[in-house]
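Reviewing the structure listed below.
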Amino acid sequence: MKLAQDMLAQMRAASRNLMGGSSASSPAAATEAIQRALAAAGLAPGAAAPQQADVPQAHTMHDINPPPAGASAKTAPAAQEAAQAPPSAAQTMAQDFMARLGQHDFDMSSFEMPNFQPPGFGAPAATQAPLPSGAQFMAGSYSNHAGTRSYKLYIPSSYHGQAMPLVVMLHGCTQNPDDFAAGTQMNALAEEKQCFVVYPAQAQGANSSRCWNWFNAIDQQRGQGEPSLIAGIAQQIIDDYPVNEHEVFVAGLSAGGAMAVIVGTLYPEVFAAVGVHSGLPFASAQDLPSALAAMKGGAMPDPKRKTPAGGVPIIVFHGDRDTTVNLRNGDELIAQGVRSQAGGKAAKAASTDGSVPNGHRYTRTTHSQADGSPLGEYWVIHGAGHAWSGGSNSGSYTDAKGPDASREMMRFFKTVS
């Protein structure tokens, strides 16, 4: 999708208007400016849904987790109840952003993006499978100067005091640790591979949709914000249990994937590798307008974007029918990850095609140094949307037709530890 060139300028102008003091800086004026920017991008109410040039249009795509029944076009009676309807995903995300600007009374009723869907859409898992005998899935919390975050820690039944790897799993928007664990089935893999898995939980007070704030400047800095909390949770587990400190990894979905990139980039001494599903490159946005632009249009290569050198190996999964986070983000993410590790040296790349029986086709591209050391892997899942590949329908936002992202991440992590 091609965004209008002046979209960001218009939306940022609306944000500045909100913080101004003249009559022209009213919320209504800002809303009007935002609406003009969205209309130019084809995202305003009534605008035709933009088509991605690189996606064939012969087949109709359906969301893997469709909206609840009755959430489509309003009938006349439903329209009468619109005032009582909950805010849309776009409105909620934008409202949260405006609140951060100090505009708590901003009227979002006319702000709408009918084609926008936050990661993690769908109801959290209602029930959890019983734990294997001897296993534990326990709650904890960690606090520092940036705040407090709770988490769930899975300890496999095979644990008897021996050192084991640790995987940090960052959920997507609207999800929680239980839902993410159920969907990714990472706890079952922890039983098989004998490792700890910790699921930090985003606080609703920090983001109303429980998205990790990957687009905030403070949350893109070492020792600050959410990266310090997530790294602190990992360190707390390391201090409390006999974790093999050479086998600590971080992975996430969408907003969680974008945050996993940030955390792994900022704390390479803690994390040996990063796994990203449907995420975005490091520091690909600085505010809500640039976040929405990156998600919908793709974070384009930017020589001004400063990425710390000496990154860690990375494995990336992305569906080529993802309409929430554009595939171009996956392209730039793997390129960014390889560049940061290669240090200007040429990297070798090799691609293979495959398919899941009765499921999706995929293209897997491996990147390695001249000596064969792995730099990264990139899995493009053909026909897949915004969902965890190979996941279980016991959790939200999963697609069982794809290759098993959880298992492939664990395999990749083992090769780089």
Side-chain angles (χ1 to χ4, degrees), residues 8 11-12 15 92-102 118-120 141-151 168-177 180 198-236 250-271 274-295 299 302 304-308 311-312 314 325 329 332-333 336-337 340:
L8 294 184
M11 294 185 75
R12 287 196 176 100
S15 299
T92 299
M93 186 173 179
Q95 184 71 69
D96 182 73
F97 173 68
M98 296 308 177
R100 290 170 183 275
L101 296 178
S141 68
Y142 171 80
S143 300
N144 68 10
H145 65 280
T148 299
R149 293 296 183 274
S150 62
Y151 60 80
V168 179
M169 294 286 287
L170 302 178
H171 62 74
C173 298
T174 78
Q175 294 182 313
N176 58 44
F180 198 41
V198 65
Y199 302 83
Q202 175 63 306
Q204 193 165 21
N207 185 290
S208 58
S209 296
R210 293 192 176 90
C211 306
W212 295 101
N213 291 304
W214 56 274
F215 50 84
N216 284 345
I218 192 68
D219 297 304
Q220 298 171 0
Q221 300 177 37
R222 181 183 173 93
Q224 300 294 327
E226 292 170 2
S228 72
L229 288 164
I230 294 165
I233 288 173
Q235 190 60 54
Q236 182 164 289
V250 60
L253 169 65
S254 197
M259 184 54 72
V261 173
I262 293 172
V263 174
T265 300
L266 297 178
Y267 295 91
E269 78 283 5
V270 177
F271 301 99
V274 176
V276 183
H277 205 309
S278 310
L280 298 98
F282 178 85
S284 52
Q286 297 75 45
D287 49 31
L288 180 64
S290 58
L292 295 176
M295 290 168 64
D302 183 356
K304 296 181 180 180
R305 185 182 301 140
K306 295 184 181 299
T307 306
V312 297
I314 185 170
V325 178
N329 289 290
E332 173 60 12
L333 179 52
Q336 184 186 79
S340 67

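Starting from 1, each residue takes its place in the sequence as its number.
The two atoms that bring Ala146 and Asn144 nearest to each other are N-OD1, 2.7 Å, heavy atoms only. When all heavy atoms of Ser228 and Gly225 are compared, the pair lying nearest together is OG-O, 2.7 Å. The two residues Ser254 and Val325 come nearest to each other via the heavy atoms OG-CG2, 3.8 Å. Closest of all the heavy-atom pairs between Val274 and Gly264 is CG2-CA, 3.7 Å. Minimum heavy-atom separation, Pro281 to Leu333: CA-CD1, 3.7 Å. Heavy atoms only, all atoms of each residue included: Leu229 and Gly147 are closest at CD2-O, 3.4 Å.
In this structure, the side chains of Ile230 and Met259 come closer than 4.5 Å at one or more pairs of heavy atoms. Between Tyr267 and Pro227 the shortest side-chain heavy-atom distance falls below 4.5 Å. A heavy-atom distance below 4.5 Å is found between the side chains of Phe271 and Val263.
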Checking Ile233 against Val168 for the side chain to side chain contact (heavy atoms under 4.5 Å, CB included) test, could you report, in this order, the C-alpha distance in whole Å, the side-chain angles of both residues, the deciding distance, and whether it holds?
CA-CA 9 Å; Ile233 288 173; Val168 179; 5.9 Å; no
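Checked by atom type and distance alone, the side chain of Asp287 pairs as donor or acceptor with a backbone atom of Ser290 at under 3.5 Å. Using a distance-only test at 3.5 Å, with no hydrogens or angles considered, a donor-acceptor pair links the side chain of Thr265 to the main chain of Val261. Side-chain atoms of His145 come within 3.5 Å of backbone atoms of Gly223 as a donor-acceptor pair (strictly under, hydrogens ignored). Checked by atom type and distance alone, the side chain of Gln220 pairs as donor or acceptor with a backbone atom of Trp214 at under 3.5 Å. Using a distance-only test at 3.5 Å, with no hydrogens or angles considered, no donor-acceptor pair links the side chain of Gln224 to the main chain of Ile218. A distance-only check finds no donor-acceptor pair linking the side chain of Gln202 to the backbone of Glu226 [under 3.5 Å]. A side-chain donor-acceptor contact under 3.5 Å links Gln175 to the backbone of Gly172. With Asn216 contributing its side chain and Gln286 its backbone, the two residues share no donor-acceptor pair below 3.5 Å.
To the nearest 0.5 Å, atoms NE2 (His277) and CG (Leu170) are separated by 14.5 Å. Rounding to the nearest 0.5 Å places CD of Glu332 at 10.5 Å from CG of Leu280. To the nearest 0.5 Å, atom CZ of residue Phe215 and atom CG of residue Leu292 are 8.5 Å apart.
Side chains of Gln235 and Tyr142: no donor on one and acceptor on the other come within 3.5 Å.
Evaluation of the side-chain contact (heavy atoms from CB on, under 4.5 Å) rule for Ala203 yields Arg149, Ala206 as partners, not counting sequence neighbours. With sequence neighbours left out, the ring-ring contact (aromatic ring centres under 6.0 Å, His included) criterion links Tyr199 to Phe137. Thr148 meets the side-chain contact (heavy atoms from CB on, under 4.5 Å) test with Ser141, Ser143; sequence neighbours excluded.
Taking the six-membered ring where the residue is Trp, His171 and Phe180 present perpendicular rings, their angle passing 60° and hence far from 30°.
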